[in-house]
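Down below is the structure, laid out as structure tokens.
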Amino acid sequence: MEGFFGDPMYGGNRDKAGWRLVGFPGVAAANYNEFLDKHNVAYRVEPVSILDIQENRVKLDAEGHPKHVMLNEQLPEGGNEAD
Amino acid sequence: MKPTKLKPVDILVVGSGMAGSILSMELAGTGQKVLCLERGRMVEPQHDFVMPYVHDELKYDRHSDIFQNLSRETITFRNAPSETALPMREMGSFKPGECVGGTAVHWGTHARRFLPWDFEVRSRTMERYGARMIPEGCTSQDWGLTYEELEPYYDQFEHIYGVGGKAGNLNGEIQPGGNPFEGPRSREYPNPPAGMTYTGTLFAQAARSLGYSPHVNPTASQTQAYVNLYKLMLGQCLRGGFCSSHACANGAKGSPLSAVMPALMKQPNFELRPLSNVIKVNLDSDKKRATGVVYLDAQGRPFEQPADLVVLATYTFNNVRLLLLSGIGKPYDPVSNTGVVGRNYSYQTGGKVTLFFEDQVFNPFMGGGARGTSIDDFNGDNFDHAGLDFIGGAYVSVSNSGAAPIKGIHVPSGIPKWGTDWKKAAAHYYQRNFTISVHGGSQAMRTNYLDLDPTYRDANGLPLLRMTFDWPENDKKMSDWILAKAVEIARAAGPSKMAVHPLSRTYSIVPYQSTHNIGGAVMGADPATSAVNKYLQSWAVPNVFVVGGCAFPQNSANGPTATIGTLACWAADQIKDQYLRHPGPLG
């Protein structure tokens, strides 16, 4: 579990496969308060790891939170198709 | 090695966590020289806890460097006095902290006050049901302090930590939307309540359909930017998860690091000395007065620090251990049921039901900051126990704590723990489940206690603290009975599947449960059954105060952290207004 779901910077969870499987966004963006009150709307984004940020692959806001790239709003059966 | 003797201070506070930081701040206000010794390292949120590195579940949940270093000191554990205790070599059931700010750096911020009943468990139980209702072997007792006396200090704590919530009882008048079972509060919370999440709404609808009173949890994660009582600015919580077990990168979690330390460090008569591990309180020859402490620095060099007043404000385990290592108060003996230090150790009970859905999604990674919804209909003595075979109760709640996937994936019963079927279920249900938990109190029992281990020692050669604990029969009956109510609520919420997890029959120290270890140096009105008086002052050595979860005679269903902060506010006032004017036993 630790290898499959931990941050890829530790060597496991390659290409965030564990996170993609379940739809976990990784490092949180700063915008969750806008979504918490929206009921039954899936928040689907390209997951962001600490590794991604260290490798400068992700845009950050002024406080260091990543800007998530939204995927399709609808969550298909069985979770993210990227598994 | 002979300790190096240092220059005396007026007031010495041991520990810089929830209790020690508030006590240091309040006592520094007297102008006396205050020194705080902290065995953990210095941490500065703007350097140590920054984005994105705090959003690391593997590190903070499993391999954290802000938890106690068990390779140097741990506890030993056994379920019963007939067994041999063994050292706890990995964090499991609970996670005491070790850094400036202590365990409160990684608390979950659920800030419920205790119920008025919690402070008078024994007398109110006897009054309502008769003496026969007290379980056999149960040593739960009154605190010697009532909710009414403590109310102004709850209010003070909430204005230091920026607690958000909705009052349910303002000066005796029930308020719509709040918790109608809470004790009367003198004014509203300093911050507004958090909004209700989707899972909270489903739970609230189901609970309401059965006649219960759901309310949003009070939280010390700021629901808006807030300037606190010490004029410190706390930021709004972003609900990004990574909260309990983690430090906050946004200054949004009410904690010693955000709500106290920046103001405390500016006090000219205050000094914080991290990496200073106090191992003993020194007493004078007749053992009635403390003269200071001995501590070891990071290199293991001993120092003697003289002080007029010593305040022990560390985690439950360390406070009790320091009393035992220093010979302050009579150690508890479960055979003769005499002595006070180590007596009435208790914990907190859990039981839960997980609900699985097919076509709802809950975004479980959002949340944190105790975001959730509860009912108090089965807490304390809020329901009639006549005809039941237990005392006490639990709050029942759903929480959006920000579920990260290492520990936050739940699949229905009957799914294998690995392989293709597990993967399929994890992918489907991670987003489509939530849990209703039964967070219950714990009564004190004669055979649940803390003492010094006869065999195992720490890195300095000093005996480890030994925990002897198992679930009281009372608590298992209580938890099971309330879990059945929670299952009724779960059913009313309409899940496709449920998994019911009752409280374990025997307590295990391995799976994480809660960092709510309390008792062992309990407060009370009688020196025969308490280590400290209602002012948190040692009966045996009046210039020693002992503040923390160790003072609770038994545990409420509600998390202890807010009440520990409140006791610190209370004790600080007693020291300022009474003790420093007339040093000696208070009363």
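By convention in this document, chain letters (A, B, ...) are assigned in the order of the sequence lines, proteins followed by strands, and residues within each chain are numbered from 1.
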When the side chains of residues 363-373 of chain B are checked against the rest of the protein, which donor-acceptor pairs come out under 3.5 Å, sequence neighbours left out?
from: Asn363(B); atom 1: OD1; to: Tyr43(A); atom 2: N; distance (Å): 2.9
from: Asn363(B); atom 1: ND2; to: Val41(A); atom 2: O; distance (Å): 2.8
from: Arg371(B); atom 1: NE; to: Gly195(B); atom 2: O; distance (Å): 3.2
from: Arg371(B); atom 1: NH2; to: Asp37(A); atom 2: OD1; distance (Å): 3.3
from: Arg371(B); atom 1: NH2; to: Gly195(B); atom 2: O; distance (Å): 3.0

Set of side-chain hydrogen bond (donor to acceptor under 3.5 Å, both in side chains) partners for Ser413(B), sequence neighbours left out
none
Side chain, backbone, both or neither: which part of Leu202(B) has a heavy atom under 4.5 Å from chain A?
neither
Donor-acceptor pair between Asp7(A) and His55(B) side chains, under 3.5 angstrom:
no
Between Gly6(A), Gly18(A), Pro25(A), which residue shows the highest count of heavy-atom pairs closer than 4.5 Å to chain B?
Pro25(A)
Can you tell me if Glu63(A) uses its side chain to pair, donor with acceptor, with the backbone of Asn250(B) under 3.5 Å?
no
If one checks every heavy atom of Thr201(B) against chain A at 4.5 Å, the contacting part turns out to be side chain
side-chain contact (heavy atoms from CB on, under 4.5 Å) test vs Pro52(B) passes for just one of Val58(A), Leu60(A), Val27(A), namely Val27(A)
If I measure from the heavy atoms of chain A, does Tyr430(B) come under 4.5 Å with its side chain, its backbone, both, or neither?
side chain
Give, as side chain, backbone, both or neither, the part of Ile53(A) having an atom under 4.5 angstrom from any heavy atom of chain B.
side chain
Between Leu58(B) and chain A, with a heavy-atom cut-off of 4.5 Å, which part of the residue counts as in contact: side chain, backbone, both or neither?
side chain
Identify which part of Glu34(A) has an atom lying under 4.5 Å from any heavy atom of chain B, answering side chain, backbone, both or neither.
neither
